[in-house]
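One structure below.
Sequence lines set the chain letters: A, B, ... in the order given, protein chains first and strands last, and positions in each chain run from 1.
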There are 2 protein chains.
Amino acid sequence: MMIPNIVEVASLIGDASRASMLMCLLGGKSLPANELARAARITPQTASSHLAKMVEGGLLVHESYGRHRYYRLANSEVGQALEALNAIAPQKPVRSLRESDESRALHFARTCYDHLAGEVGVAWIDKMLQLVLLKEQGRNFVLTAEGEQWFGDFGIDLDGIRGGRRHFARKCLDWSERRYHMAGALGAAVTSRLFDLGWIERIPGGRAIRVTDRGFRGLEDKFGLTLSSDFSTDLQRRLIRNGFVEG
Amino acid sequence: MMIPNIVEVASLIGDASRASMLMCLLGGKSLPANELARAARITPQTASSHLAKMVEGGLLVHESYGRHRYYRLANSEVGQALEALNAIAPQKPVRSLRESDESRALHFARTCYDHLAGEVGVAWIDKMLQLVLLKEQGRNFVLTAEGEQWFGDFGIDLDGIRGGRRHFARKCLDWSERRYHMAGALGAAVTSRLFDLGWIERIPGGRAIRVTDRGFRGLEDKFGLTLSSDFSTDLQRRLIRNGFVEG
DNA sequence: TTCATAGTTCGATGATAGTCGAGTAATTTT
DNA sequence: AAAATTACTCGACTATCATCGAACTATGAA
């Protein structure tokens, strides 16, 4: 009997400690072993063992800088696989208020590897399709002529993006919204631009993203995108009070 | 810290026996527990335990008919997750001749849910496009006037298909060929017709499909489709001799 | 009824693998 | 140079879980 080759990779993900580390890395950052061990609440020895296995299994890659070893996801397909698993994972009931806040923050906006996901990511794609700046084509999004113009105006270097080997604009299933947001080089570039503009910020300690006041205004002006107000500044203030976000 | 809930589903998939059963069910059919146990080479007791866990975990659903209990994938997202894992799983070197044969059989022809995939599925689509019986349109295929006629002659009830809620003819990315084959109601109907004609047969114990001698002739006559000879009748005979296929 | 088949539940067993303590190596700081 | 930091390797312990034999339920056939 041929053992399916998904077993190895699935069992790697199917461990609480390793999954915790993977979820941290899903933010797209490189993190040192030390920090990943703390995040997973295990000793450095154990973490080291897990990290070695995930590198061996092709999930992670690492680079050494001095005595530090920084780990990150091996490629964007790993991120997409993690998202796909999230999509079929039963939503666990949250236990504490803090977890509830964290959950809501994640649903509202988060990074998926290196692009924007969650309510904001999906709403943005909807608007782009509605304005016919993008079109769906199989597993990808493609730019219309108007879209070409628009992204250029927004400060995206489309030629530079197309130069790379990476997929241009790929669909990625959103586990919280159960619909598609944009992955690929274009998704990453737009997200990067939003960070540069100060419209979104990372919420320390996780993958959650905060939309700044300037961001709410900018998305409204530039996209005509009015975000649902249920993720209010009120909640954001609570996150800060709980220490989940440093004010 | 919120424990990521992908752990549960990933660890469910990350077991050789369960993964074997899932890969069988990725063929799209409902299968009885008995058959799944044989496919995974485990006793019915063990299989029963695994199946219960996968139902509990939301991967499978079951329906009872008489004393039989048929299991199938809970939804298409489960299939997508399995495909996504497949995409990041390292291609294992095949150890035995028999594994090599099974791998070649899967690449040559297999079912993806309920439609034809692999080399044959992609080659068939190519021919249909070349003959202008089908055209590509976004993420779908559409029939031309000639195609309408042709599929009718082939014994496909197009009106019946269009009556359903399902997408008519959708593109589906093929993991082995890295190109599109046809999913949707039409893809399923054509595959079903090929089974009825005895042109293709399921190879017991997996998702692989065997093209019969009649099938080779039929595909040649009706489609002008000459399949690559590297999957020869010689190999097919070996499959039969190894007991992988019941002759 | 009697027998056979399909499937499950329970309990015992055995192997896998996650965990951490101790020791080693390499780099930065004092 | 010594101390502190970061990370890895090895070995032992332990808990989990896949596995199967035996017993049980339910459906279908003779």
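- Protein atom CG of B:Leu51 is 13 Å distant from nucleotide atom P of D:dA18, rounded to whole Å.
- Distance B:Arg38 CZ to D:dC20 C1': 19 Å, rounded to the nearest Å.
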Problem - A:Leu60 vs A:Leu22, side-chain contact (heavy atoms from CB on, under 4.5 Å): CA-CA, chis, key distance, verdict - result: CA-CA 9 Å; A:Leu60 302 182; A:Leu22 286 170; 3.9 Å; yes

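- Across all strands shown, B:Tyr70 has no heavy atoms under 4.0 Å from either base or sugar-phosphate atoms.
- Between the CG atom of A:Leu116 and the OG1 atom of A:Thr191 there is a distance of 5.0 Å, given to the nearest 0.5 Å.
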Exercise for the section: Check step by step if side-chain hydrogen bond (donor to acceptor under 3.5 Å, both in side chains) holds for B:Ser17 and B:Ser20. Expected result: CA-CA 5 Å; B:Ser17 302; B:Ser20 294; over 6 Å; no

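- In this model, the phosphate group of D:dT6 is not approached by any side-chain N or O of A:Arg69 to a distance below 4.0 Å at OP1 or OP2.
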Are any protein N/O atoms closer than 3.5 Å to N/O atoms in nucleotides 12-22 of chain C? If there are, list each pair with its distance.
unit_1: C:dG18; atom_1: OP1; unit_2: A:Arg18; atom_2: NH2; d: 3.1
unit_1: C:dG18; atom_1: OP2; unit_2: A:Arg18; atom_2: NH1; d: 3.4
unit_1: C:dG18; atom_1: OP2; unit_2: A:Lys53; atom_2: NZ; d: 3.1
unit_1: C:dT19; atom_1: OP1; unit_2: A:Ser17; atom_2: OG; d: 3.0
unit_1: C:dT19; atom_1: OP2; unit_2: A:Ser17; atom_2: OG; d: 3.3
unit_1: C:dT19; atom_1: OP2; unit_2: A:His50; atom_2: NE2; d: 2.5
unit_1: C:dC20; atom_1: OP2; unit_2: A:Thr43; atom_2: N; d: 3.3
unit_1: C:dC20; atom_1: OP2; unit_2: A:Thr43; atom_2: OG1; d: 3.1
unit_1: C:dC20; atom_1: OP2; unit_2: A:Thr46; atom_2: OG1; d: 3.0
unit_1: C:dG21; atom_1: N7; unit_2: A:Gln45; atom_2: NE2; d: 2.8

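- Ion pairing between a basic and an acidic side chain is recognised when a charged N comes within 4.0 Å of a carboxylate O; A:Arg207 and A:Glu83 show such pairing.
- Rounded to the nearest 0.5 Å, atoms CZ (B:Arg69) and CG (B:Asn34) are 14.0 Å apart.
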Handout entry: Worked verdict on A:Ser49 versus A:Thr46 for side-chain hydrogen bond (donor to acceptor under 3.5 Å, both in side chains)
Key = CA-CA 5 Å; A:Ser49 158; A:Thr46 308; over 6 Å; no

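- Rounded to a whole Å, the NE2 atom of A:His68 is 12 Å from the C1' atom of D:dA4.
- Distances shorter than 4.0 Å separate some side-chain N or O of B:Tyr71 from OP1 or OP2 on C:dT8.
- At whole-Å resolution of the value, CD in A:Glu63 and C1' in D:dA7 are 17 Å apart.
- Atom-to-atom, NE2 of B:His62 to P of C:dG7 comes out at 12 Å; the value is rounded to the nearest Å.
- Rounded to an integer number of Å, the gap from CE of B:Met54 to C1' of D:dC17 is 15 Å.
- Residue-level contact check: A:Pro44 touches neither bases nor backbone, having no heavy atom under 4.0 Å from any strand.
- At a cut-off of 3.5 angstrom, the base of D:dT27 holds at least one donor-acceptor pair with the side chain of B:Arg67.
- One atom, CG of A:Leu31, and another, C1' of D:dA7, lie 15 Å apart when rounded to the nearest Å.
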Exercise for the section: Any chance you could lay out the side-chain contact (heavy atoms from CB on, under 4.5 Å) test for B:Arg18 and A:Val7, step after step, and finish with the verdict? Expected result: CA-CA 9 Å; B:Arg18 284 193 291 260; A:Val7 171; over 6 Å; no

